Amino acid sequence: MASSYAVGLRRCAALCSILLVGSTACPAGGGATTDASGSETAATGESTTTTTGATTGTSAPTTSTDPTGGPTTSAPTTEGPGPDLGGVTTEDSSTGDDSTTGAAQCPPPLEQPPGSWTSQIVPVEGDALTYVADEQGNRIPDFSYAGYHRGEAPIPDVPMVLGVGPIAGDNTAHLQQAIDEVGAMPLGVDGLRGAVLLAPGEYEIHGTVLLRHSGVVLRGAGDGDDPATSTILRAIGDEPHQRAVLVVGNGDNDRWKPELPNTRSDIVSELVPVGARTFEVEEPSLYAVGDHVVIVHPCTEAWLAAVDHGGTAADEPWAGDILPLVFKRQILAIDGATLTIDAPVFNHLDRGLSQSYVYKADREGLVTEVGVEDLRIDIETLGGDDEDHAWSAIAVRGVEDAWVRRFTALHFGYAAVTVQTGVQVTVAEARALDPVAQITGERMYNFDVSNAQQVLFTDCHAVGGRHHFVSNGTSYTSGIVFHRSTSTGPNASSEGHRRWSMGLLYDNIVESAPAKDGMVVLGLYNRGDYGTGHGWSSAHSVAWNYATGDGVGVLQRPPTAQNYAIGGSGTFSGQKPPAPFAQPEGYIEGTNQGGLVPESLYERQLAERLCGL
């Protein structure tokens, strides 16, 4: 068994890898070091393909770290194996060379120099964050489970197995054939098949390319604007109307509704508070460690009444079972009737308002270990208000453990990247630039999450859209982190957009050049009768060190929940105006007060979880 020191190194390797996802992974993180650049010469030239051995990349965990805060009763406990965080198994193992990773060790203790401060509701005690709940039990949750494999393993550098160059005319079938060829190869023990490497050049795409096989990566030569050195997919035409250029996953936005027969059990805990990872079920014998499950808190009349039927102003109130609170999770431990899950719930599950239940997810057809990297999608349009063109650059649908990195999209009408029915997805070093459409509803969501969970957007840059960083997916959306990213020239706010999105974290986002000074650039608030009765659009969500620039952040408190702005610069308010609807103000602390510790909530939460701080 590895010493605690070796385990710490393993966890730190994963930490530095995820925080520097665009850089070389920590050597101890086990990322494959095969360099695809040596194969590019074989992949250049018109209409050529080159196949190598079907070597796969780094292994990835299927379960999380040992659960913390779990049950303490004496009933028999079953736990899954610890995660594979990259192969450090001996005390002699090293985390590698700092020069290639930027950070190959766990962070030092949190320093609190003169002039620094910590939040009253997330104070530092000893060397760890603590969380202070309000009188309703609301507290800031742990957001560190977002991203590929919950941040517990680096994104792998998957070796190339097939090289492709551009052909004249439409390349849709040409690329699809290459992807499907790799998709027909056997999966490795790590769940990977290999990468399709696209040579530098321009590839006309007249249809939709489907990355629909687990373990397949689509990799270009770079996401710049020079086809001599980068890979540019040019989306031509509008057939079918307003299509996605690249669909990653099985294409289904089913919101985890398929369930395995005879696996449903009621949750009998009277209250599972926001941030919790344990609860009791009526029939624990239905489950085993490692099972993938779906937790459902039905949308009852009692719950609707508790949230003021959505606070929809002049629109019809929310009614019927339209907004169940849904969380896709994995079981890490079973202790008697108590299940421990891999990530927290982002809303209270109150048995007095609704009888929650859990079932095993039917994962038939789910696509895993799939990624897009190092390419550019440029959509051909007429400019101005033209809407007869490809609509989204990348749509991620029906995936788990997936990524998009080092990617640029231009001239989309809806989104550069939209994630739908996806779990544990990372979007890193991505640019969403200059959308083309009417500046009105249902358009220009540069980075969008619609019915997805545990999604990390890091080092992303949005320009010229409406809602640059947005949850547009109602109560099926939670655990979304927008981290160290920029928003330039927005025409509307980054926000929870409609109907009770939960657990959004905006961490170190910088706003500039809004369409007009003083406009709302961040909204964790009530949207009343905007849209289709959007009402309370976000709950249990946080702005941490958010810089509003010449805009305003609006924070309001939903019934039964809370939203928070901690630190940051600019203007934050819950009053009307600038808020569009009069509601109680959310929790606002330390605006324009520099020196907040920790600087990044997400980074510190991840460090504490993986490094045992």
Side-chain angles (χ1 to χ4, degrees), residues 15-16 18-22 103 107 110 116-119 121-122 124 129 131 139-148 150-151 275 343-344 346 425-430 446-447 449 453-462 467-471 477-487 493-496 501-512 521-524 538-549 551 553 555 562-570 572 586-610:
L15 172 66
C16 73
I18 192 64
L19 295 184
L20 296 167
V21 68
L110 278 174
S116 67
W117 60 283
T118 63
S119 169
I121 60 171
V122 194
V124 177
L129 302 178
Y131 302 89
R139 50 151 286 188
I140 288 180
D142 186 347
F143 294 95
S144 70
Y145 300 86
Y148 176 79
R150 302 179 291 259
F346 288 96
V425 177
T426 293
V427 180
E429 296 181 81
N446 294 39
F447 293 103
V449 180
Q453 303 184 1
Q454 280 89 270
V455 182
L456 169 66
F457 295 85
T458 183
D459 193 14
C460 292
H461 309 278
H467 304 290
H468 280 169
F469 300 101
V470 63
S471 163
T477 303
S478 64
I480 311 302
V481 175
F482 300 103
H483 170 253
R484 294 201 186 276
S485 295
T486 62
S487 166
S493 58
S494 293
E495 63 185 24
S501 295
M502 298 164 287
L504 313 179
L505 172 62
Y506 291 86
D507 188 329
N508 284 270
I509 306 299
V510 177
E511 295 279 356
S512 63
V521 294
L522 171 68
L524 303 176
S538 57
H540 304 292
S541 296
V542 180
W544 188 277
N545 262 344
Y546 199 110
T548 66
L555 278 291
Q562 181 60 288
N563 291 312
Y564 310 82
I566 312 293
S569 62
F572 295 90
Y587 183 90
I588 300 173
E589 178 188 8
T591 305
N592 296 315
Q593 181 180 348
L596 174 60
V597 176
E599 180 183 79
S600 166
L601 178 64
Y602 164 73
E603 291 171 17
R604 187 62 191 182
Q605 287 179 328
L606 184 64
E608 292 191 4
R609 181 166 62 89
L610 297 189

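Since the model is a prediction, treat every value here as computed from it, not as a measurement.
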Do [X] and [Y] make a side-chain contact, defined as non-hydrogen atoms from C-beta onward lying under 4.5 Å apart?
| X | Y | answer |
| --- | --- | --- |
| W117 | V597 | no |
| L601 | I140 | yes |
| T477 | V455 | no |

Heavy atoms only: give me the nearest [X]-[Y] pair and the separation to one decimal.
| X | Y | answer |
| --- | --- | --- |
| H483 | L456 | CB-CD1, 4.1 Å |
| F346 | G503 | CD2-CA, 3.7 Å |
| V427 | A430 | CG1-CB, 3.9 Å |
| L596 | G567 | CD2-CA, 4.1 Å |
| A462 | F469 | CB-CZ, 4.1 Å |
| S538 | N563 | O-ND2, 3.2 Å |

Can you list the residues that meet the side-chain hydrogen bond (donor to acceptor under 3.5 Å, both in side chains) rule with [X], with sequence neighbours excluded?
| X | result |
| --- | --- |
| S512 | T488 |
| T548 | none |
| R604 | D127, E608 |

Is there a donor-acceptor contact under 3.5 Å linking the side chains of Y546 and E511?
yes
Just by distance, with hydrogens left out, do H468 and S494 show a side-chain donor and acceptor under 3.5 Å apart?
no
Flag, side chain of [X] to backbone of [Y], donor-acceptor distance under 3.5 Å:
| X | Y | result |
| --- | --- | --- |
| N508 | E599 | yes |
| S485 | C460 | yes |
| Q605 | F143 | yes |
| S541 | L504 | yes |
| R150 | A343 | no |

Run the salt bridge (Lys or Arg N to Asp or Glu O under 4.0 Å) test against E589 and tell me which residues pass, sequence neighbours left out.
none
Any chance you could measure [X], atom [atom1], to [Y], atom [atom2], to the nearest 0.5 Å?
| X | Y | atom1 | atom2 | result |
| --- | --- | --- | --- | --- |
| E495 | S471 | CD | OG | 9.5 Å |
| E429 | H461 | CD | NE2 | 8.0 Å |
| Q562 | L524 | CD | CG | 10.5 Å |
| Q593 | S569 | CD | OG | 12.5 Å |
| S144 | Q454 | OG | CD | 10.0 Å |

Tell me, please, which residues at least two apart from F457 pass ring-ring contact (aromatic ring centres under 6.0 Å, His included).
F447, F482
Would you please name every residue forming a ring-ring contact (aromatic ring centres under 6.0 Å, His included) with H467, sequence neighbours left out?
Y445, H497
Do Y602 and R484 pass the side chain to side chain contact (heavy atoms under 4.5 Å, CB included) test, and can you show the C-alpha distance, the side-chain angles, and the key distance before you say yes or no?
CA-CA 10 Å; Y602 164 73; R484 294 201 186 276; over 6 Å; no
Test side chain to side chain contact (heavy atoms under 4.5 Å, CB included) on L129 and V124 and set out the steps.
CA-CA 5 Å; L129 302 178; V124 177; 3.8 Å; yes
Go through the steps to decide whether F572 and L522 satisfy the test side chain to side chain contact (heavy atoms under 4.5 Å, CB included), and finish with yes or no.
CA-CA 9 Å; F572 295 90; L522 171 68; 4.3 Å; yes
Start with the C-alpha gap between W544 and Y564, add the side-chain angles, then the distance that decides, and say whether side chain to side chain contact (heavy atoms under 4.5 Å, CB included) holds.
CA-CA 8 Å; W544 188 277; Y564 310 82; over 6 Å; no
